[in-house]
Amino acid sequence: MFLNQLNDTEKELFIQLCNQAVMADDVLEVDEMESIAFMCHEMMIPNSTPDEELPVDSILAQLNLIASKHQKNIMAIELIILLKRNGFLDETEINFLDNIKKKLEISDEKFKHLDSLANIYISVKNEITDAIEN
C-alpha cells in the first residue's frame, strides 16, 4: 500500500525481511510468494533472491538505524498483512512479529493498532474479491 515511500536501501532490506518472514513457519506458500512479487512490483524493484541473506536481527538493526518511525510502521503493517494471508498466525509467526515490534521499537499499543487495521484491510480485500468473483 505505502511501500513506494521506502528508500532503495529500505526496500532491499524489507524484501529480505519478507523472505525471512514467510519462512518463519518453515512453510513456503504460493500466495506468500505472490504477495512478495506484488510488493516488489509496487516498490519497482526486481523480484529476486538476494545474493547474500542477512540474519533477521542484522536486517532489523540496519532498519532501526536508517528508517523513520513512519517507514517502520509501513513495514510492520505490510509484514502483518503478509503473514496473515492464510487467515491466521502460528506461534513462530507471532514470535517473528514480536521480534519486529521490539527491534524496530514499535510500542505495544501502536503494534496492536496496526494489527487491527491489517485485519480490517484483509477483511475488506476478501469481501471485494468475493464480490468480483461471484
Side-chain angles (χ1 to χ4, degrees):
M1 294 178 290
F2 301 99
L3 292 172
N4 60 347
Q5 296 179 33
L6 303 179
N7 69 35
D8 290 342
T9 303
E10 292 161 346
K11 289 175 183 179
E12 290 176 27
L13 291 169
F14 176 71
I15 286 302
Q16 284 198 40
L17 199 54
C18 289
N19 285 323
Q20 299 270 357
V22 298
M23 290 308 298
D25 62 358
D26 293 324
V27 178
L28 183 59
E29 297 181 23
V30 174
D31 64 330
E32 291 172 331
M33 293 313 297
E34 288 172 352
S35 294
I36 291 175
F38 182 79
M39 288 181 200
C40 289
H41 178 73
E42 179 182 348
M43 293 187 289
M44 295 184 285
I45 62 172
N47 181 19
S48 59
T49 305
D51 294 335
E52 178 185 344
E53 269 192 30
L54 298 172
V56 172
D57 286 344
S58 175
I59 295 168
L60 293 172
Q62 288 182 55
L63 286 172
N64 204 34
L65 289 174
I66 65 173
S68 69
K69 187 176 185 179
H70 175 82
Q71 293 159 319
K72 291 175 188 179
N73 290 336
I74 289 170
M75 290 182 261
I77 196 166
E78 292 282 356
L79 284 166
I80 294 166
I81 291 168
L82 174 64
L83 291 177
K84 285 189 168 187
R85 290 269 185 232
N86 63 358
F88 65 94
L89 295 173
D90 68 23
E91 189 172 335
T92 57
E93 293 167 328
I94 291 169
N95 292 336
F96 187 89
L97 288 173
D98 191 49
N99 190 38
I100 300 293
K101 175 183 68 169
K102 288 176 185 169
K103 298 287 171 81
L104 294 184
E105 300 173 352
I106 301 171
S107 72
D108 289 340
E109 182 180 323
K110 180 60 146 184
F111 204 81
K112 286 177 187 174
H113 188 194
L114 293 173
D115 183 56
S116 175
L117 292 172
N119 289 335
I120 293 167
Y121 172 82
I122 292 167
S123 176
V124 169
K125 185 175 184 239
N126 289 341
E127 223 175 294
I128 291 168
T129 300
D130 288 345
I132 292 169
E133 292 178 357
N134 297 319

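Just so it is clear, the model here is predicted, and its values are computed rather than measured.
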S.K.: Apply the test salt bridge (charged side-chain N to carboxylate O under 4.0 Å, His left out) to residues K112 and D108: give CA-CA distance (whole Å), side-chain angles for both, the deciding distance (0.1 Å), then the verdict.
M.R.: CA-CA 6 Å; K112 286 177 187 174; D108 289 340; 5.9 Å; no
S.K.: How long is the span from the CG atom in D115 to the CG atom in L89, to the nearest 0.5 Å?
M.R.: 7.0 Å
S.K.: Look at the side chain of K11 and the backbone N and O of M43, then say whether any donor-acceptor pair between them is shorter than 3.5 Å.
M.R.: yes
S.K.: L65, V56: one ILVMFWY side-chain cluster at the under-4.5 Å cut-off?
M.R.: yes
S.K.: State the CG-OG1 distance between N7 and T9, to the nearest 0.5 angstrom.
M.R.: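 That separation rounds to 5.0 Å.
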S.K.: Within this structure, what is the CD-CD distance for the pair Q20 and E53, rounded to the nearest 0.5 Å?
M.R.: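 Going from the CD atom of Q20 to the CD atom of E53 covers 5.0 Å.
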S.K.: Taking D98 for its side chain and I94 for its backbone only, find out whether a donor-acceptor pair lies under 3.5 Å.
M.R.: no
S.K.: Show the numbers, then the answer: is there a side chain to side chain contact (heavy atoms under 4.5 Å, CB included) between M75 and L63?
M.R.: CA-CA 10 Å; M75 290 182 261; L63 286 172; 3.8 Å; yes
S.K.: Let me check something: do F38 and I77 share a hydrophobic cluster, defined by ILVMFWY side-chain heavy atoms less than 4.5 Å apart, either directly or through other members?
M.R.: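 Result: no, two separate clusters.
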S.K.: Can you give me the closest heavy-atom contact between A21 and L83, atom names plus distance?
M.R.: O-CD2, 3.3 Å
S.K.: How close do D90 and T92 get, heavy atom to heavy atom, and via which atoms?
M.R.: OD1-OG1, 2.7 Å
S.K.: What are the two closest heavy atoms between C40 and P46, and how far apart are they?
M.R.: SG-O, 3.8 Å
S.K.: What heavy-atom pair brings L54 and Q16 nearest, and what distance separates the two atoms?
M.R.: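 Result for this residue pair: N-OE1, 3.1 Å.
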S.K.: Where do I128 and K125 land on the side chain to side chain contact (heavy atoms under 4.5 Å, CB included) test, with the steps shown first?
M.R.: CA-CA 5 Å; I128 291 168; K125 185 175 184 239; 5.8 Å; no
S.K.: Ignoring hydrogens, what is the shortest heavy-atom contact between E42 and L3? Give both atom names and the distance.
M.R.: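 Minimum heavy-atom contact is OE2-N, 3.1 Å.
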S.K.: Nearest 0.5 Å, please: how far is NZ in K101 from NZ in K110?
M.R.: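 Output value for this atom pair is 14.0 Å.
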S.K.: Please output the side-chain donor-acceptor pairs of residues 66-74 that fall under 3.5 Å, not counting sequence neighbours, one pair per line with the distance.
M.R.:
residue	atom	partner	partner atom	Å
S68	OG	H70	N	3.4
S68	OG	Q71	N	3.2
S68	OG	Q71	OE1	3.0
H70	NE2	Q5	OE1	2.6
Q71	OE1	S68	N	2.7
Q71	NE2	E10	OE1	2.9
Q71	NE2	E10	OE2	3.4
K72	NZ	N64	OD1	2.4
N73	ND2	K69	O	3.4

S.K.: Please round to the nearest 0.5 Å and tell me the distance separating atom CD1 of I80 and atom OH of Y121.
M.R.: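 If I round to the nearest 0.5 Å, the distance is 13.5 Å.
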S.K.: C18 pairs by side chain to side chain contact (heavy atoms under 4.5 Å, CB included) with which of M23, M33, M39?
M.R.: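 Considering M23, M33, M39, a side chain to side chain contact (heavy atoms under 4.5 Å, CB included) with C18 is found only for M39.
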S.K.: Nearest 0.5 Å please: distance from the CG atom of L82 over to the CD1 atom of I36.
M.R.: 5.5 Å
S.K.: Hydrophobic cluster membership, with links at side-chain heavy-atom distances under 4.5 Å among I/L/V/M/F/W/Y: are F88 and L97 in one?
M.R.: no
S.K.: Ignoring hydrogens, what is the shortest heavy-atom contact between D57 and K103? Give both atom names and the distance.
M.R.: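 Result for this residue pair: OD1-NZ, 3.0 Å.
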S.K.: Hey, does the side chain of N126 reach the backbone of I122 with a donor-acceptor pair shorter than 3.5 angstrom?
M.R.: yes
